[in-house]
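Order of the sequence lines fixes the chain letters, A, B, ..., with proteins taken first and strands second; residue numbering starts at 1 for each chain. Every heavy atom of this structure was used, including side-chain atoms; hydrogens, water molecules and symmetry mates were not. Here the structure is a predicted model, which means the values were calculated and not measured.
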2 protein chains.
Amino acid sequence: MDAVDRIFAQWRAERPDLDVTAMGPIGRLSRVYHHHARRMGETFARHGLNGAGFDVLATLRRSGPPHALSPGALMAAMMITSGTMTNRIDQLVKQGLVSRAPDPDDARRAVVQLTDKGFALIDKAVADHAQTQAALLAPLSDTEIAALDAGLRKLMAAEEDRAPE
Amino acid sequence: MDAVDRIFAQWRAERPDLDVTAMGPIGRLSRVYHHHARRMGETFARHGLNGAGFDVLATLRRSGPPHALSPGALMAAMMITSGTMTNRIDQLVKQGLVSRAPDPDDARRAVVQLTDKGFALIDKAVADHAQTQAALLAPLSDTEIAALDAGLRKLMAAEEDRAPE
DNA sequence: TGCCATTATCTTGACGTCAAGATAAAAGGA
DNA sequence: TCCTTTTATCTTGACGTCAAGATAATGGCA
């Protein structure tokens, strides 16, 4: 009987005409997500970052040498809007973690690249982050993780089918 | 091979020293959560609400007659800060969906209560919401939903143990 | 070549959230 | 009773995000 079960029971009592069975898994997923976000945010903060900044640095880092992408490519990778991307890059430039230069081949484009400082920072932060993520799943056995992941994978696939453009 | 698998493969190539196995389930959970939030937001919008307003109205509705709670009780139910709560109530009062009155027994407290208009609105909106939630889980069989929920429940329990105050 | 639709990025304004602090009332001990 | 601590709510300022629109360069077609 957790917090979501209690909400479920309240709805059963107040609106017995409704089928609220989906509420359990969806409500728990939301709570777990927010818990993960908070824990990971603490990890990022230890490196002077927030989730937004970490995402950009990590995307550049894992893209491999020369650790440079256009704002548009970063946007696509993170599923955020252009205004958000501009803002994120501004902050990281201000912190000296990435550089922004015009693209010589297409003047509409910019090239966002990890600085040495940004590279060193993200390489440490991502190692810390991987440990945090492992800790978040530690309550589950490998079998349980696999079952959870299978369900999530199927839900994610359904979503990607839905918005194919 | 979904988007998260591709990110995973990039990390394996760039940082083979790290154990990034937890990234898959956690990354997928985040994506699924954001997809759910977007879909549910569309449902709320059809009723002139956003997720914040829906949460407040739904919490009051399922609390049963007289459909009234203090801001503090609402805060605890939704795990948000006091400033956020004040703002949410302000918006709903402005829309005529809830009333805010001083508590006669404790002048520090307020009593937030559903208006008739708010009651009628949430009763329709929550029915719509239940359907949306069911649709979000439709890609999974009952067995798969149970397996997913079992994992989430365990993660949620671990979180609640962690912050027991 | 010249023009127009498309693409890429940045700007603006609004929103919801939080952290920290202000205000005010209640509760409890001396 | 008085005073301190605790509790409940609201205020303020900052942040990250988005939607819509502005700006500017590219590419394809006539």
Side-chain angles (χ1 to χ4, degrees), chain A residues 30-31 33-35 37-42 44-45 48-57 68-95 97-113 163 165, chain B residues 30-31 33-35 37-42 44-45 48-57 68-95 97-113 163 165:
Chain A
S30 171
R31 301 234 178 183
Y33 166 77
H34 285 292
H35 176 230
R38 174 169 289 268
R39 287 288 302 279
M40 296 190 307
E42 291 165 3
F44 302 149
L49 292 170
N50 58 16
F54 178 90
D55 266 2
V56 174
L57 298 184
L69 292 169
S70 70
L74 288 166
M75 274 171 57
M78 298 180 216
M79 308 197 298
I80 58 177
T81 60
S82 63
T84 301
M85 195 67 246
T86 300
N87 185 43
R88 286 189 182 189
I89 296 169
D90 285 348
Q91 304 306 315
L92 293 170
V93 168
K94 208 172 294 175
Q95 296 174 71
L97 300 173
V98 306
S99 61
R100 174 161 40 194
D103 184 326
D105 297 334
D106 185 339
R108 291 170 303 179
R109 241 179 237 144
V111 176
V112 179
Q113 183 168 27
E165 99 304 350
Chain B
S30 171
R31 301 234 177 183
Y33 166 78
H34 284 293
H35 176 231
R38 174 170 290 268
R39 288 287 302 279
M40 297 190 305
E42 291 165 4
F44 302 149
L49 292 170
N50 57 18
F54 179 90
D55 266 2
V56 174
L57 298 183
L69 292 170
S70 69
L74 288 166
M75 274 171 57
M78 299 179 214
M79 308 196 300
I80 58 177
T81 59
S82 63
T84 301
M85 195 67 247
T86 299
N87 185 44
R88 286 190 184 188
I89 295 169
D90 286 348
Q91 304 306 315
L92 293 170
V93 169
K94 208 172 294 174
Q95 297 174 70
L97 300 173
V98 306
S99 62
R100 173 161 39 193
D103 184 326
D105 297 334
D106 186 337
R108 290 170 304 179
R109 255 194 279 260
V111 177
V112 179
Q113 183 168 26
E165 89 324 335

Result block: side-chain N/O donor-acceptor pairs under 3.5 angstrom for residues 97-104 of chain B, not counting sequence neighbours:
{"residue": "B/Arg100", "atom": "NH2", "partner": "B/Asp90", "partner atom": "OD1", "Å": "2.2"}
{"residue": "B/Asp103", "atom": "OD1", "partner": "B/Asp105", "partner atom": "N", "Å": "2.7"}

Heavy-atom nearest nucleotide on DNA chain D for A/Thr81 versus B/Val111: which residue maps closer to 5'? B/Val111
Who are the salt bridge (Lys or Arg N to Asp or Glu O under 4.0 Å) partners of B/Arg108, not counting sequence neighbours? B/Asp106
Can you name the side-chain hydrogen bond (donor to acceptor under 3.5 Å, both in side chains) partners of B/Asn87, sequence neighbours left out? B/Gln91
Starting at the 5' end of DNA chain C and moving along, which residue's nearest nucleotide shows up first, A/Met75 or A/Arg38? A/Met75
All side chain to side chain contact (heavy atoms under 4.5 Å, CB included) counterparts of A/Ala68, not counting sequence neighbours: A/Pro66, A/Val111, A/Gln113
When you match B/Asn50 and A/Ser70 each to their closest nucleotide on DNA chain C, which lands nearer the 5' end? A/Ser70
Hits for side chain to side chain contact (heavy atoms under 4.5 Å, CB included) against B/Thr84, two or more places apart or cross-chain, chain-then-number order -> B/Ile80, B/Thr81, B/Arg88
Taking any heavy-atom pair under 4.0 Å as a contact, classify B/Gly83: base, sugar-phosphate, or nothing. base
Angle between ring planes, B/Tyr33 versus A/His34, binned at 30° and 60°: parallel, tilted or perpendicular? perpendicular
So the contacted stretch of DNA chain C, first to last nucleotide with an atom under 4.0 Å from a non-hydrogen atom of chain A, runs from C/dT7 to C/dT11
Figure out the CG/P separation between B/Asp105 and D/dT7, and round it to whole Å. 19 Å
